[in-house]
Amino acid sequence: TMDYGIYYTGYPSVLEGFSDASWITDRDDHTSTSGWIFNLGGGAISWGSKKQTCIANSTMAAEFVALASCCKEAEWLRNLLIEIPIWPKPMPPVSIHCDSEATLSRAYSQIYNGKSRHIGLRHSYVRQLLTDGVITIDFVKSCQNLADPLTKGLARDIVLKTSKGMGLKPASSYHQ
């Protein structure tokens with residue numbers, strides 16, 4: 001995708017995010033990797049891939065740390081759009097897509113068992129954003145998760161598919 005560029009169509013004009021994680025991607029320090037991406041107008045406007053600062057003891061914990069980072073970006077982007085005078089008000093919740101059903105269950109659960117403090121703080125934050133109507137979280141199949149290439153190496157066909165979902169096109173196909 002080196003010769004690709006982001007092409008914005010203007011549709012859909014809603015902000016949506018994708019969150020993903022890979023559990024224990026670094027065998028030396030046992031850290032996982034978080035990835036998120038946000039689309040608006042048919043193309044990516046914000047994305048990130050970062051080694052997690054805490055040690056996750058399960059795939060669900062790694063996915064939840066990634067989800068909390070994604071939610072933080074969603075809140076920031078939503079607040080930015082609200083500041084734009086011509087942006088339609090009221091602003092709908094930002095839809096975040098996650099490929100972990102266990103993480104979705106934990107996010108929507110009113111109760112946290114308190115076993116991991118770092119997850120407990122993130123759980124409170126995500127729950128507050130859900131309650132305030134800032135975000136919604138829904139399930140997406142892993143093969144349709146646009147954040148997947150930000151957390152792990154993938155086969156070429158999946159990279160091309162997710163690139164298209166991010167609004168990436170070969171520069172030679174742009175119409176001037």
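The structure displayed is predicted, hence computed values, not measured ones.
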**Request:** For residues 156-166, pull every pair meeting side chain to side chain donor-acceptor pair (under 3.5 Å), keeping only residues two or more places apart or in separate chains.
**Result:** none
**Close side-chain approach of Leu80 to Trp87, heavy-atom, < 4.5 Å** = no
**Request:** With sequence neighbours excluded, give me every salt bridge (Lys or Arg N to Asp or Glu O under 4.0 Å) pair touching residues 67-86.
**Result:** none
**Request:** State, yes or no, whether a side-chain contact exists between Tyr8 and Asn39 at a heavy-atom distance under 4.5 Å.
**Result:** no
**Request:** Heavy atoms only: give me the nearest Ile135-Ala74 pair and the separation to one decimal.
**Result:** CG2-CB, 4.1 Å
Return a table of donor-acceptor pairs under 3.5 angstrom between the side chains of residues 137-147 and protein atoms on other chains or two or more places apart.
unit_1: Asp138; atom_1: OD1; unit_2: His97; atom_2: ND1; d: 2.5
unit_1: Asp138; atom_1: OD2; unit_2: His97; atom_2: ND1; d: 3.4
unit_1: Ser142; atom_1: OG; unit_2: Asp99; atom_2: OD2; d: 3.3
unit_1: Asn145; atom_1: OD1; unit_2: Ala147; atom_2: N; d: 3.0
unit_1: Asn145; atom_1: ND2; unit_2: Ser19; atom_2: O; d: 2.9
unit_1: Asn145; atom_1: ND2; unit_2: Asp99; atom_2: OD2; d: 3.3

**Reported CZ-to-CG distance for the pair Phe18 and Leu67, which is rounded to 0.5 angstrom** = 13.5 Å
**Test side-chain contact (heavy atoms from CB on, under 4.5 Å) applied to Ile86 - qualifying residues, sequence neighbours left out** = Ile84
**Asked** Are any of the side-chain heavy atoms of Val94 and Leu77 separated by less than 4.5 Å?
**Response** no
**Item:** Spatial distance of atom CG (Leu129) from atom SG (Cys71) [nearest 0.5 Å]
**Value:** 5.5 Å
**Message:** Looking at every non-hydrogen atom in both residues, tell me the closest pair between Arg106 and His123 and how far apart they are.
**Reply:** O-NE2, 2.8 Å
**Request:** Just jot down the side-chain hydrogen bond (donor to acceptor under 3.5 Å, both in side chains) partners of Asp132, sequence neighbours excluded, or say none.
**Result:** Gln128
**Message:** Can you pull out every salt bridge (Lys or Arg N to Asp or Glu O under 4.0 Å) where at least one residue sits in residues 6-17? Sequence neighbours excluded, please.
**Reply:** none
**Message:** So does Gly35 get a backbone contact from the side chain of Thr151, meaning a donor-acceptor N/O pair under 3.5 Å?
**Reply:** no
**Item:** Close side-chain approach of Val14 to Ser95, heavy-atom, < 4.5 Å
**Value:** no
**Request:** Can you see which heavy atom on Ala61 is nearest to which on Ser58, and at what distance?
**Result:** N-OG, 3.0 Å
**Message:** So, taking the atom named CE in Met166 and the one named CD1 in Ile6, what distance separates them when rounded to the nearest 0.5 Å?
**Reply:** 9.0 Å
**Request:** Provide the closest heavy-atom pair for Thr136 versus Pro93 in the form atom of the first, atom of the second, distance.
**Result:** CG2-CB, 3.9 Å
**Request:** Please collect all side chain to side chain donor-acceptor pair (under 3.5 Å) contacts where either partner lies in residues 59-71, sequence neighbours excluded, each pair once.
**Result:** none
**Within-4.5 Å side-chain heavy-atom neighbours: Phe38 and Cys70** = yes
**Prompt:** Under the side-chain hydrogen bond (donor to acceptor under 3.5 Å, both in side chains) test, which residues partner Ser105, sequence neighbours left out?
**Reply:** none
**Complete:** In terms of heavy-atom contacts, Ser32 and Ser22 come closest through CB-O, 3.0 Å
**Prompt:** How does the hydrophobic cluster around Val159 look, that is, which other residues are in it when side-chain heavy atoms under 4.5 Å mark a link?
**Reply:** Leu154, Ile158
**Asked** Will you find, in the side chains of Ser34 and Gln52, an N or O donor that is under 3.5 Å from an N or O acceptor?
**Response** yes
**Prompt:** Are any of the side-chain heavy atoms of Thr33 and Lys152 separated by less than 4.5 Å?
**Reply:** no
**Prompt:** For Ser13 and Leu40, which heavy atoms make the closest approach, and how far apart are they?
**Reply:** C-CD1, 3.8 Å
**Request:** Mind checking side-chain contact (heavy atoms from CB on, under 4.5 Å) for Leu150 and listing every partner two or more places apart, or none if nothing turns up?
**Result:** Ile37, Trp47, Ser49
**Request:** Would you indicate whether the side-chain heavy atoms of Phe64 and Val126 approach each other to under 4.5 Å?
**Result:** yes
**Request:** Mind checking side-chain hydrogen bond (donor to acceptor under 3.5 Å, both in side chains) for Arg127 and listing every partner two or more places apart, or none if nothing turns up?
**Result:** Gln110
